[in-house]
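Values below: all heavy atoms of this structure, side chains included; hydrogens, waters and symmetry mates excluded.
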Amino acid sequence: MFTCSLGEGIELRLLEERHAEELFCAVDRNRGRLRPWLNWVDRTLSAEDCRGFIRMALAQFAAREAMHVGIWEGRRLIGGSGHHRIDWVSRNTSIGYWLDAAAEGRGVVTRTCEALLNHLFGELRLHRVEIRCATANTRSAAVPARLGFTREGILRQAEWAGDRYNDLVVWSILADEWEARTVRRPFGPRAGA
């Protein structure tokens with residue numbers, strides 16, 4: 001099992017089926033603010049939808065294809081993150097994230113991404129990681145900018161979310177660029193559940 005402490009009582013943990021109701025409640029209370037940016041929100045209509053997602057996510061994790069974690073503050077689920085399917089031939093993937101409105105403004109997503117990057121480049125030895133976010137989602141785009149990603153360009157009307165197509169900004173960072181960063185938090189996965 002993957003767990004990672006981010007400090008200040010915040011931890012990344014793999015989602016389990018028993019978390020389905022809590023995951024649904026977190027998504028549902030943030031539905032209005034997540035819907036314009038994340039196309040899966042409209043397909044998340046019940047705890048059973050979340051249970052199905054968690055089953056798929058655990059199977060992908062077991063197959064070393066992808067990893068989806070909950071962001072926990074104590075015993076409360078405050079968001080989610082993870083990496084999408086890994087292209088093992090080219091050794092790349094992309095990461096995504098979302099956070100409860102009440103947890104914003106404390107650097108939680110930045111620390112989450114740092115931990116994921118340490119895992120992806122350190123443990124899995126990947127070469128490249130992308131973050132794609134809607135051009136109008138300035139809070140989301142601030143994360144890769146803070147972490148030293150390179151802004152590569154815009155994918156025009158590349159993703160349907162909410163009720164419109166969003167242009168996506170593509171950000172990337174390479175393993176040697178991440179390693180060269182001198183100021184980086186020493187987070188990484190640890191064993192345990």
Path from Met56 to Val27 over hydrophobic side-chain contacts below 4.5 Å: yes
Cluster link Leu174 to Phe149, ILVMFWY, side chain under 4.5 Å: no
[X]: what forms a salt bridge (Lys or Arg N to Asp or Glu O under 4.0 Å) with it, not counting sequence neighbours?
X: Glu17; value: Arg55
X: Arg151; value: none
X: Arg125; value: none
X: Asp49; value: none

Qualifying residue for side-chain hydrogen bond (donor to acceptor under 3.5 Å, both in side chains) with Ser94, from His84, Arg85, His83: His84
To check you understand the geometry: which heavy-atom pair defines the closest contact between [X] and [Y], and what is its length?
X: Asn92; Y: Ser90; answer: ND2-CB, 3.2 Å
X: Leu58; Y: Leu15; answer: CD2-O, 3.4 Å
X: Ala115; Y: Cys4; answer: CB-SG, 3.7 Å
X: Tyr97; Y: Ser140; answer: OH-O, 2.9 Å
X: Glu73; Y: Ile10; answer: CG-CG1, 4.2 Å
X: Arg139; Y: Gly105; answer: NH2-N, 3.6 Å

Those residues that, when tested against [X], pass side-chain hydrogen bond (donor to acceptor under 3.5 Å, both in side chains) (two or more places apart):
X: Arg18; answer: Glu16
X: Asn30; answer: Arg33, Asp100
X: Arg164; answer: Asn166

Separation between [atom1] of [X] and [atom2] of [Y], rounded to the nearest 0.5 Å:
X: Leu12; Y: Thr112; atom1: CG; atom2: OG1; answer: 4.5 Å
X: Leu23; Y: Asp28; atom1: CG; atom2: CG; answer: 11.0 Å
X: Asp176; Y: Arg181; atom1: CG; atom2: CZ; answer: 13.0 Å
X: Asp167; Y: Ile154; atom1: CG; atom2: CD1; answer: 6.5 Å

Derivation of the side chain to side chain contact (heavy atoms under 4.5 Å, CB included) call for Phe121 and Ile173: CA-CA 10 Å; Phe121 291 133; Ile173 192 162; 3.9 Å; yes
Report all side-chain donor-acceptor pairs from residues 126-134 shorter than 3.5 Å, counting only partners two or more places apart or in another chain.
from   : atom 1 : to     : atom 2 : distance (Å)
Arg128 : NH1    : Glu152 : OE2    : 2.9
Arg128 : NH1    : Ser172 : OG     : 3.4
Arg128 : NH2    : Glu130 : OE2    : 2.7
Arg128 : NH2    : Glu152 : OE1    : 3.0
Arg128 : NH2    : Glu152 : OE2    : 3.3
Glu130 : OE1    : Arg132 : NE     : 2.8
Glu130 : OE1    : Arg132 : NH2    : 3.1

Where at least one partner belongs to residues 62-82, residue pairs that pass ring pair (Phe, Tyr, Trp, His ring centres under 6.0 Å), sequence neighbours excluded: His19-Trp72, Phe53-His68
Whether Arg51 side chain and Ser46 backbone form a donor-acceptor pair below 3.5 Å: no
Heavy-atom donor-acceptor pair, Arg35 side chain to Gly162 backbone, under 3.5 Å: yes
Using side-chain heavy atoms (C-beta onward) and a distance below 4.5 Å, is [X] in contact with [Y]?
X: Ile71; Y: Trp98; result: no
X: Ile95; Y: Leu120; result: yes
X: Leu45; Y: Arg31; result: yes
X: Trp178; Y: Leu147; result: yes

Any residue meeting ring pair (Phe, Tyr, Trp, His ring centres under 6.0 Å) with Trp88, in chain and number order, not counting sequence neighbours: none
Evaluation steps, side chain to side chain contact (heavy atoms under 4.5 Å, CB included), between Leu6 and Glu11: CA-CA 5 Å; Leu6 302 182; Glu11 185 174 62; over 6 Å; no
Residues that, via side-chain heavy atoms closer than 4.5 angstrom, fall in one hydrophobic cluster with Leu168: Leu155, Val170
Remaining members of the apolar cluster that contains Trp160, side-chain heavy atoms under 4.5 Å: Tyr165
Plane angle bin for His119 and Phe2 - parallel if under 30°, tilted between 30 and 60°, otherwise perpendicular: perpendicular
Side chain to side chain contact (heavy atoms under 4.5 Å, CB included) assessment of Thr44 paired with Cys50: CA-CA 7 Å; Thr44 306; Cys50 291; 3.6 Å; yes
Basic-acidic side-chain contact under 4.0 Å: Glu8, Arg106: no
Test log, rule side chain to side chain contact (heavy atoms under 4.5 Å, CB included), inputs Leu117 and Glu114: CA-CA 5 Å; Leu117 290 165; Glu114 286 176 324; 5.7 Å; no
